[in-house]
Amino acid sequence: ANPVNYKPMLIDAEGFLLQVNGPIPPNIPLLIGVREADDVEHRRRRVLRMLQVLEDLKDSREHIQEVDVSDTENLRITYQIQDQQVILILGNESFQQRVATFLRYFEGIRDRLAPRAILDVSMKNRINAVTPLLEPRK
């Protein structure tokens with residue numbers, strides 16, 4: 001009855017799915033937006049978008065838990081910072097600058113972020129909360 005079915009798999013840069021034999025290597029981000037039923041070229045293009053994001057954000061790589069390529073023109077990452085995970089909507093370019101904007105303002109907003117808050121950082125020097133911010137603590 002559950003329409004969502006996840007099966008852990010590995011995928012190479014060419015879009016070929018690989019069976020998991022043994023434990024999944026640590027520190028590999030979860031790739032969202034690729035399905036087994038997709039043709040290999042479709043998967044390859046999405047993997048390449050993920051690799052572009054990871055290359056641009058190589059200095060922050062250890063903080064990236066997930067890369068969502070469901071919409072290749074509006075990429076998302078799940079960014080682990082301190083004890084919080086924040087979903088950042090990056091758009092389709094300038095990934096490093098957009099994450100830098102988030103980091104610049106994080107301390108000022110962190111107490112108001114809901115668990116797995118969604119923030120749109122796709123506009124230059126601007127952060128829009130997609131999920132409502134929590135009321136300030138008194």
Worksheet item: Should Leu103 and Val121 be regarded as members of a common hydrophobic cluster, given that ILVMFWY residues are connected when their side-chain heavy atoms come within less than 4.5 Å of each other, either directly or indirectly?
Response: yes
Worksheet entry | CA sep, side-chain torsions, deciding dist, call: Phe95, Ile77, side-chain contact (heavy atoms from CB on, under 4.5 Å) | CA-CA 10 Å; Phe95 306 124; Ile77 62 170; over 6 Å; no
Worksheet item: What pairs of residues pass the salt bridge (Lys or Arg N to Asp or Glu O under 4.0 Å) test when at least one of them lies in residues 65-90, not counting sequence neighbours?
Response: Glu66-Arg116
Worksheet entry | Contacts of Phe106 that satisfy ring-ring contact (aromatic ring centres under 6.0 Å, His included) - sequence neighbours left out | Phe102
Discussion item. Going by salt bridge (Lys or Arg N to Asp or Glu O under 4.0 Å), name the pairs with one or both residues in residues 49-60, residues two or more places apart or in two chains.
Written reply: Glu55-Lys58
Worksheet item: Going by atom types alone, do Arg61 and Asn27 pair a side-chain donor with an acceptor below 3.5 Å?
Response: no
Worksheet item: Linking Ile, Leu, Val, Met, Phe, Trp and Tyr through side-chain heavy atoms less than 4.5 Å apart, which residues share a cluster with Val130?
Response: Ile87, Ile89, Ile118
Discussion item. Tell me whether Gln84 at atom CD has more than 12 heavy atoms from other residues, nucleotides or ligands lying less than 6.0 Å away.
Written reply: yes
Discussion item. Could you work out, with side chain to side chain contact (heavy atoms under 4.5 Å, CB included) as the rule, every residue matching Gln65, not counting sequence neighbours?
Written reply: Thr78, Gln80, Gln85
Worksheet entry | Phe16 with Val34, same ILVMFWY side-chain cluster at under 4.5 Å | no
Discussion item. Can you give me the closest heavy-atom contact between Ile64 and Pro29, atom names plus distance?
Written reply: O-CB, 3.9 Å
Item to complete: Please round to the nearest 0.5 Å and tell me the distance separating atom CZ of Arg43 and atom CD of Glu36.
Response: 7.5 Å
Discussion item. Looking at every heavy atom in both Gly33 and Ser70, which two are closest together, and how far apart are they?
Written reply: CA-OG, 3.4 Å
Worksheet item: Do Met123 and Leu57 share a hydrophobic cluster (ILVMFWY, side-chain heavy atoms under 4.5 Å, transitive)?
Response: no
Fill in: Student check: side-chain heavy atoms of Thr131 and Leu113 closer than 4.5 Å
no
Worksheet item: For Arg126, which residues count as a salt bridge (charged side-chain N to carboxylate O under 4.0 Å, His left out) partner, sequence neighbours excluded?
Response: none
Fill in: Where at least one partner belongs to residues 114-136, residue pairs that pass ring pair (Phe, Tyr, Trp, His ring centres under 6.0 Å), sequence neighbours excluded
none
Worksheet item: How about Arg104 and Thr101: does a side-chain donor come under 3.5 Å of a side-chain acceptor?
Response: yes
Fill in: Side-chain touch Arg46/Arg35, heavy atoms, less than 4.5 angstrom
no
Worksheet item: Is there a donor-acceptor pair closer than 3.5 Å between any side-chain N or O of Arg98 and the backbone N or O of Asp120?
Response: no
Discussion item. Grouping I, L, V, M, F, W and Y whenever their side-chain heavy atoms are under 4.5 Å apart, do Val40 and Leu31 come out in a common cluster?
Written reply: no
Worksheet item: Any side-chain heavy atom of Val53 sitting closer than 4.5 Å to one from Val69?
Response: no
Discussion item. Tell me every residue that passes side chain to side chain donor-acceptor pair (under 3.5 Å) with Ser60, counting only those two or more places apart in sequence or in another chain.
Written reply: none
Worksheet, complete the sentence: Besides Leu30, the hydrophobic cluster formed by Ile, Leu, Val, Met, Phe, Trp and Tyr side chains linked at under 4.5 Å, directly or via other members, contains Ile32
Discussion item. Under the rule for side chain to side chain contact (heavy atoms under 4.5 Å, CB included), what residues qualify as partners of Ala129, not counting sequence neighbours?
Written reply: Leu119, Leu133
Discussion item. My understanding is that only residues two or more places apart in sequence, or in another chain, count here; which of them pass salt bridge (charged side-chain N to carboxylate O under 4.0 Å, His left out) with Arg44?
Written reply: Glu41
Fill in: Heavy-atom check, side chain of Thr72 versus side chain of Asn92, under 4.5 Å
no
Worksheet item: For residues 25-75, which residue pairs qualify under ring pair (Phe, Tyr, Trp, His ring centres under 6.0 Å), counting only residues two or more places apart or in two chains?
Response: His63-Tyr79
